[in-house]
2 protein chains.
Amino acid sequence: MSNIREIAKRAGVGIATVSRYINSTGYVSEEVKLKIQKEIDELGYTPNALARAIFTKNSMTLGLMIPNITNPFFNQMATIIEEHANRYGYTLFLCNTQDSRKKEIEYLGILKSHRVAGIIASRTMCKEEYVNINIPVVSFENHISSDIPTISSNNYNGGRMAFGHLYDGGCRNMLHIKGPRTFEATEMRYKGFVDAAKEKKLSVDVVEFESDFQVKMLEGNLNDIKNIEHYDGIFVFNDIAAAIVMKYLKERDIKIPQDIQIIGFDNSFICELLHPSLTTVQQPIEEIGVLVVESIIDLINNEELIIKDYLVETRLIQRNSTLL
Amino acid sequence: MSNIREIAKRAGVGIATVSRYINSTGYVSEEVKLKIQKEIDELGYTPNALARAIFTKNSMTLGLMIPNITNPFFNQMATIIEEHANRYGYTLFLCNTQDSRKKEIEYLGILKSHRVAGIIASRTMCKEEYVNINIPVVSFENHISSDIPTISSNNYNGGRMAFGHLYDGGCRNMLHIKGPRTFEATEMRYKGFVDAAKEKKLSVDVVEFESDFQVKMLEGNLNDIKNIEHYDGIFVFNDIAAAIVMKYLKERDIKIPQDIQIIGFDNSFICELLHPSLTTVQQPIEEIGVLVVESIIDLINNEELIIKDYLVETRLIQRNSTLL
DNA sequence: ATGAAAGCGCTAACAC
DNA sequence: GTGTTAGCGCTTTCAT
């Protein structure tokens, strides 16, 4: 691949002139511009972003640390973040951690070595490792440290709304299927749900699932719930798990929502695909994604963030898996 | 961020020694090793991969050009590719093109400037742009040019199997819902299905959907199909679209599979979530992903590829949306 | 308006 | 065994 020196030589000018032309930084005569562009086209020259980054100290890359790109919540988030980062000229390194602390630490080293301008983290297994890294970090879904800006849905309130909706729909014997205890987001949903129940002096049953997204695992957990047909309302920690619960109930000829009402979380595309369609609590993915990118850009540009801890509101989306 | 010179100075050695130590290339005494490591730890030094890449001419990065990370087929593929590339020490740039030619061309420029070692493309909107790029390219899902190695499922045979399965299940009045005509993969599925029908002297109806994955759009297309209840078997070009068709039928009280049998394509996680579970044609995602990565690595290492055009076999997964 | 030269952080050939 | 030095491709200061 050709370099700036070659372009300069062939165009009969100095390399500084070529650099100025490419970056539109400083005057270059129209005549010289044409000569340079001609050589660039002929050689198919593209400036080396690596060399440029060494000098400018900005690689124009970001690390996107995500547990599982297969999960609709995270891949929708990735889509928004990618689109928005791209608009600012940044390109993303995809770091799929599989919720593995080891892989996350490995990627942290890689991102550091590639001198990414910033890191967008989510549901991380590390704390310490992020604070002394000397690279701007923004987190969504969970809190890493008080120094690191965090944007998350109001999961607690989402849990409360889920309860309210089932309660108003007449449910008095509810079950909550909660996510793994290591996930901050699902933990908050659980708390909101239980707190709201307490206020109504209602006790609810709770079962914990071990995985957020592996169908086989979720099905295994389901079989452990005894007398599921005794409940009249179930709040499940995400839509995928809710879909599996729905299937489980349908296979046992339990009618949704007549016998059991069910409500999920996320408002992923699957809600519309199910029959009956799934009532759920919507996470404002677009809003979070945009805030994440804008925060990291501000941090990179050394601008002070006014708000360090965003809590974006969730919203109940009523569909056909609940009455009311 | 500190550099190799600073480490060398503080450890009281030359920079070449530090370089040798870091890269385990050449002898360094145990005593010096300790001194160097101490400074590395103290300063939190990480070698600059950008500077290294300029010299070694290998950035250890790959570009992953994907139309839509939200689509289960592509995000599963991304997961496999990421995992496998990582094993070889490569990190991925995520390029989500949204099937936009403009965005793809933009990303091609970015990848080139970042001097990626190779590009993994899929369902691309460009041809020319890939052949003269002077970077190794491997494609899956569709063919770019005869020079570019391609790995794809045997979509044609998948279409044939789908027909055979419905036919053997007793269907004689079938509909195929095909994908957008710009997608090579769905075009092949369509051809396979129609060819197999012809061999049985059966005519089948075909309707084309305009999108592969946008629920609203797919639903719009569905309303254009008149008398859908007259069919006894439907082969849909992917699982998501099939799920939407299923929902549409269920809302009209058409029983699956008793009234209409239905079969999808991909074997994505959604098949197991539906009720009845969806019979489908499985794409060997893992196998394709591994081949893709190994091919690009071989190309990067200047090894000749023995096979330039892999066709990996698909498999019918029987579930409850079809009889037989 | 343009070019020479220094320097970004690194590797490797070549001295010693 | 280890250090000096040139050079990778770039940007930018400072002459001219």
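A, B, ... follow the sequence lines: proteins, then strands. Residue 1 opens every chain. The structure presented is a predicted model; accordingly, all values stated were derived computationally and were not measured.
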Taking CD from A:Glu6 and P from D:dG9, how many angstroms apart are they, rounded to a whole number? 9 Å
Can you see whether B:Glu104 engages B:Tyr130 through a side-chain donor-acceptor pair at a distance of less than 3.5 angstrom? yes
Side chains of B:Tyr45 and B:Glu6 only: does a donor on one sit below 3.5 Å from an acceptor on the other? no
Remember a base hit wins even if backbone is also touched, and classify A:Ser29 as base, sugar-phosphate or nothing at under 4.0 Å, heavy atoms. sugar-phosphate
Separation of B:Tyr21 atom OH from C:dC10 atom P, in whole Å? 15 Å
Check ion pair A:Arg87-A:Glu294 (N to O, under 4.0 angstrom): no
Global bending angle along the helix from C:dA1-D:dT16 to C:dC16-D:dG1, which compares the axes of five pairs at either end, to 10 degrees: 40°
Whole Å only: how far is the CG atom of B:Asn23 from the C1' atom of C:dC10? 9 Å
Length of the line joining B:His114:NE2 and D:dC10:P, which is rounded to integer Å: 13 Å
Side chain to side chain, A:Met65 and A:Arg123, heavy atoms closer than 4.5 Å: no
Start with the C-alpha gap between B:Lys103 and A:Glu82, add the side-chain angles, then the distance that decides, and say whether salt bridge (Lys or Arg N to Asp or Glu O under 4.0 Å) holds. CA-CA 12 Å; B:Lys103 223 179 153 191; A:Glu82 180 273 341; 2.8 Å; yes
Set out, line by line, the N/O atom pairs under 3.5 Å between protein and nucleotides 3-5 of chain C.
unit_1	atom_1	unit_2	atom_2	d
C:dG3	OP1	A:Gly14	N	3.3
C:dG3	OP2	A:Gly14	N	2.6
C:dG3	OP2	A:Thr17	OG1	2.4
C:dG3	N7	A:Arg20	NH2	3.3
C:dG3	O6	A:Arg20	NH1	3.2

So do A:Leu299 and A:Pro149 actually touch side chain to side chain, heavy atoms under 4.5 Å? yes
Under a 4.0 Å threshold between the charged nitrogen and the carboxylate oxygen, would A:Glu42 count as salt-bridged to A:Arg10? yes
Every protein N/O within reach of nucleotides 7-9 of chain C N/O, cut-off under 3.5 Å:
unit_1	atom_1	unit_2	atom_2	d
C:dC8	O3'	A:Lys57	NZ	3.1
C:dG9	OP1	A:Lys57	NZ	2.9
C:dG9	OP2	B:Asn3	ND2	3.0

Taking the basic N atoms (NZ, or NE/NH1/NH2) and the acidic carboxylate oxygens, is any pair closer than 4.0 Å for B:Lys35 and B:Glu30? no
For B:Ile22 and C:dA12, what is the distance between atoms CD1 and P respectively, to the nearest whole Å? 12 Å
Distance check: side-chain N/O of B:Ser19 vs OP1/OP2 of C:dC10, anything under 4.0 Å? no
Quick one: do A:Glu39 and A:Lys9 make a salt bridge, cutoff under 4.0 Å? no
Taking atom types as modelled, find out whether B:Ser153 and B:Gln283 have a side-chain donor-acceptor pair closer than 3.5 angstrom. yes
Check the distance between D:dC10's P and A:Ile36's CD1 and give it to me in whole angstrom. 13 Å
Would you say B:Thr56 reaches C:dT11's phosphate, i.e. side-chain N/O to OP1/OP2 under 4.0 Å? no
Please examine the side chains of A:His114 and A:Thr61, heavy atoms only from C-beta on, and report whether any two atoms are closer than 4.5 Å. no
